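This report concerns only the one structure given below.
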Amino acid sequence: MILCKNCLHKNPPGAIFCAECGAQLAAGEIATQSIRTDKVAPSTDRGKPVSIPKPITDNAWASLHLMDSGQILSLADRNEYTLGRLGEGQPVVPDLDLSPHQAYAAGVSRIHALIKRDGKRVTVMDLGSANGTYVNGKRLASNSERLLNHGDVVALGKFKFQILLR
């Protein structure tokens with residue numbers, strides 16, 4: 001278990017961000033990574049404020065915490081989303097366009113993966129992408145679902161996000 005220095009929440013081994021407060025987990029120090037926030041936590045014992053991620057919107061069932069930028073994208077209106085990027089003249093477009101987040105440079109395919117909610121289960125499936133989909137560092141086989149847990153790190157090529165489930 002990794003103990004968050006910010007809120008003292010116990011996180012599973014390999015976690016990069018605290019599942020409770022969103023702070024970056026760094027060995028021996030309190031992280032102050034800039035994240036879109038609604039408020040800032042009181043100063044820590046070192047005198048540095050620690051950012052608290054923007055909460056999941058009321059009707060969202062999950063959020064994607066983009067690891068490079070710290071932005072949070074909420075999933076709310078439907079039970080499944082295709083993830084990918086727009087391409088010029090592309091007839092089929094993804095439900096969640098990651099182009100504004102440097103997806104092309106990170107190796108995200110035009111229609112890369114599917115995130116789906118079925119009751120309380122949330123799964124991800126690689127849709128035959130060129131650069132693969134990974135969950136916590138393990139590559140998924142194309143067209144097979146993988147159950148996601150709160151705090152799992154998903155990579156679409158080199159594009160990484162942490163899944164935050166409600």
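Residues take their numbers from the sequence shown, with the count starting at 1. Please read all numbers here as calculations on a predicted model, not as lab measurements.
Both Phe159 and Val154 sit in one connected hydrophobic cluster of ILVMFWY residues. Membership requires side-chain heavy atoms under 4.5 Å apart, directly or through other members. A single hydrophobic cluster is seen to contain both Leu156 and Ile163, as judged by linkage of ILVMFWY side chains at heavy-atom distances under 4.5 Å, directly or through other members. Grouping the Ile, Leu, Val, Met, Phe, Trp and Tyr side chains by contacts below 4.5 angstrom, directly or via other members, places Leu86 apart from Leu66. Taken together through direct or relayed side-chain contacts under 4.5 Å among Ile, Leu, Val, Met, Phe, Trp and Tyr, Val124 and Leu83 form part of one hydrophobic cluster. Put simply, Leu147 and Leu75 are part of two different groups of oily side chains (I, L, V, M, F, W, Y) that touch within less than 4.5 Å, one to the next.
The side-chain heavy atoms of Leu73 and Leu98, taken from C-beta on, include a pair separated by under 4.5 Å. No side-chain heavy atom of Thr123 sits under 4.5 Å from any side-chain heavy atom of Leu148. Looking at Asp126 and Ser142, their side chains come closer than 4.5 Å, going by heavy atoms from C-beta outward. The side-chain heavy atoms of Leu96 and Leu64, taken from C-beta on, include a pair separated by under 4.5 Å. Counting heavy atoms from C-beta outward, Tyr134 and Arg139 have side chains that approach closer than 4.5 Å.
Residues Ser74 and Ser63 approach most closely at OG-OG, 3.4 Å, considering heavy atoms. Nearest heavy atom pair, residue Arg146 against residue Leu140, reads CB-CD2, 3.5 Å. For Lys160 against Ala155, the heavy-atom pair with the smallest separation is CG-CB, 3.8 Å. Counting all heavy atoms, side chain and backbone alike, Gly151 lies closest to Gln162 at O-NE2, 3.0 Å. The shortest heavy-atom contact between Ala62 and Leu165 is CB-CD2, 3.7 Å.
The side-chain hydrogen bond (donor to acceptor under 3.5 Å, both in side chains) contacts involving residues 91-103 comprise Gln71-His101, Arg78-Asp95, Thr82-Asp95, Asp97-Ser99, where partners must be two or more places apart or lie in separate chains.
With sequence neighbours left out, Tyr81 forms a side chain to side chain donor-acceptor pair (under 3.5 Å) with no residue at all. Checked against salt bridge (charged side-chain N to carboxylate O under 4.0 Å, His left out), Lys116 has the following partners two or more places apart in sequence or in another chain: Glu145. Looking at residues two or more places apart in sequence or on another chain, you find no side chain to side chain donor-acceptor pair (under 3.5 Å) involving Asn131. Among residues two or more places apart in sequence or in another chain, the side chain to side chain donor-acceptor pair (under 3.5 Å) test is passed with Arg117 by Asn79.
Atoms CH2 and CG, on Trp61 and Leu164 in that order, are 12.0 Å from each other to the nearest 0.5 Å. A distance of 12.0 Å separates CZ of Phe161 from NE2 of His65, quoted to the nearest 0.5 Å.
Listed for the Asn143 side chain is no donor-acceptor partner under 3.5 Å among the backbone atoms of Leu127. Side-chain N or O atoms of His112 include none that pairs as donor or acceptor with a backbone N or O of Ser129 at under 3.5 Å.
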Run the side-chain donor-acceptor check on residues 103-110: report pairs under 3.5 Å with partners two or more places apart or on a different chain.
unit_1 : atom_1 : unit_2 : atom_2 : d
Ser109 : OG     : Ala130 : N      : 3.1

